[in-house]
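Have a look at the structure below before the remarks.
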Amino acid sequence: MDKVDGIILSIANYKNADCVFNILTKEKLITVLGRGTLNQNNRTNKLNNPLICGEFDLYQGPTNGLKLRDCKVYKHFNENFKTYEDMMIYDFLVELTFKIIVNNEDQSGYYDLLYFTLDKYNDFQNKYALIIYYFAHILILNGLRIKTDSCVVCGDKSGF
């Protein structure tokens with residue numbers, strides 16, 4: 001039995017009443033099977049929304065896959081994304097996170113950055129500034145820097 005802190009990035013229906021969860025933890029992105037999650041009387045039914053942050057109680061199944069036993073929910077970030085514009089931003093955040101994390105050896109720092117971004121989402125008047133902050137820090141986590149001291153085309157520093 002393992003307990004890990006994480007954020008549900010996505011959920012996909014899988015067979016009858018089961019779901020497959022992609023959960024971002026502090027160390028890595030994990031895939032977890034929620035057996036019977038779509039059943040109304042199942043204790044994991046409360047997790048049928050992405051962007052839930054919590055402590056996930058997992059166990060190793062007979063086929064070595066991780067299974068979800070329960071979750072102690074810390075925060076529901078999905079409540080921040082109510083409008084169409086918010087949903088588009090949510091899709092961008094999740095897609096960007098998946099594209100960067102998959103096949104990336106070092107996944108440390110992504111969880112904290114995503115948590116910060118989701119936690120501050122409603123505090124920002126210009127939500128796009130926060131998304132640009134997230135994108136820029138994703139690049140930094142991957143060893144890339146945004147060149148802001150000169151023109152990226154010609155290298156001229158006079159306007160900076």
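Along the sequence shown, residues carry numbers from 1.
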Would you indicate whether the side-chain heavy atoms of Leu47 and Val73 approach each other to under 4.5 Å?
yes
In Å and rounded to the nearest 0.5 Å, what is the CD1 to CG distance from Ile52 to Leu9?
12.0 Å
Transitive ILVMFWY side-chain link Met87 to Val94, under 4.5 Å:
yes
Polar side chain donor-acceptor pair, Tyr111 to Asp5, under 3.5 angstrom:
no
Mark yes or no for whether Lys82, through its side chain, and Glu79, through its backbone, hold a donor-acceptor pair below 3.5 Å.
yes
Any donor-acceptor pair under 3.5 Å linking the side chain of Asn64 with the backbone of Gln60?
no
For Cys19 and Leu33, work out which heavy atoms get closest and say how close.
O-CD1, 3.4 Å
Check Ser108 against Leu141 and note the closest heavy-atom contact, atom names and distance.
O-CD2, 4.0 Å
Do Phe21 and Ile30 have side-chain heavy atoms sitting under 4.5 Å apart?
no
Pair Tyr121-Phe81, ring-ring contact (aromatic ring centres under 6.0 Å, His included): steps then yes or no
CA-CA 9 Å; Tyr121 187 77; Phe81 299 90; 4.6 Å; yes
Look up atom NZ in Lys120 and atom CG in Asn80, then write down how far apart they are to the nearest 0.5 Å.
12.0 Å
Nearest 0.5 angstrom please: Leu24 CG to Ile7 CD1, how far?
6.0 Å
Same cluster or not: are Tyr14 and Phe56 linked, directly or through other Ile, Leu, Val, Met, Phe, Trp or Tyr residues, by side-chain heavy atoms under 4.5 angstrom apart?
no
Using the six-membered ring wherever Trp is involved, compare the ring planes of Tyr133 and Phe116 and label them parallel, tilted or perpendicular (cut-offs 30° and 60°).
tilted
A side-chain contact here means heavy atoms from C-beta on lying under 4.5 Å apart; do Tyr128 and Glu85 qualify?
yes
Quick check: do Tyr134 and Thr97 have side-chain heavy atoms less than 4.5 Å from each other?
yes
Separation between NZ (Lys127) and CD1 (Ile132), nearest 0.5 Å, reads 14.0 Å
So CG of Leu96 and CD1 of Ile101: to nearest 0.5 Å the spacing works out to 9.0 Å
Sub-4.5 Å side-chain heavy-atom contact between Ile131 and Phe92
yes
Please say yes or no: joined through hydrophobic side-chain contacts below 4.5 Å, possibly via intermediate residues, are Met88 and Ile138 part of one cluster?
no
Taking side chain as C-beta onward, heavy atoms only, is Val20 less than 4.5 Å from Thr31?
yes
For Leu58 and Leu68: C-alpha separation, side-chain torsions, deciding distance, then whether side-chain contact (heavy atoms from CB on, under 4.5 Å) applies.
CA-CA 5 Å; Leu58 309 174; Leu68 179 64; 3.8 Å; yes
Could you give the distance from CD1 (Ile89) to OG1 (Thr83), rounded to the nearest 0.5 Å?
7.5 Å
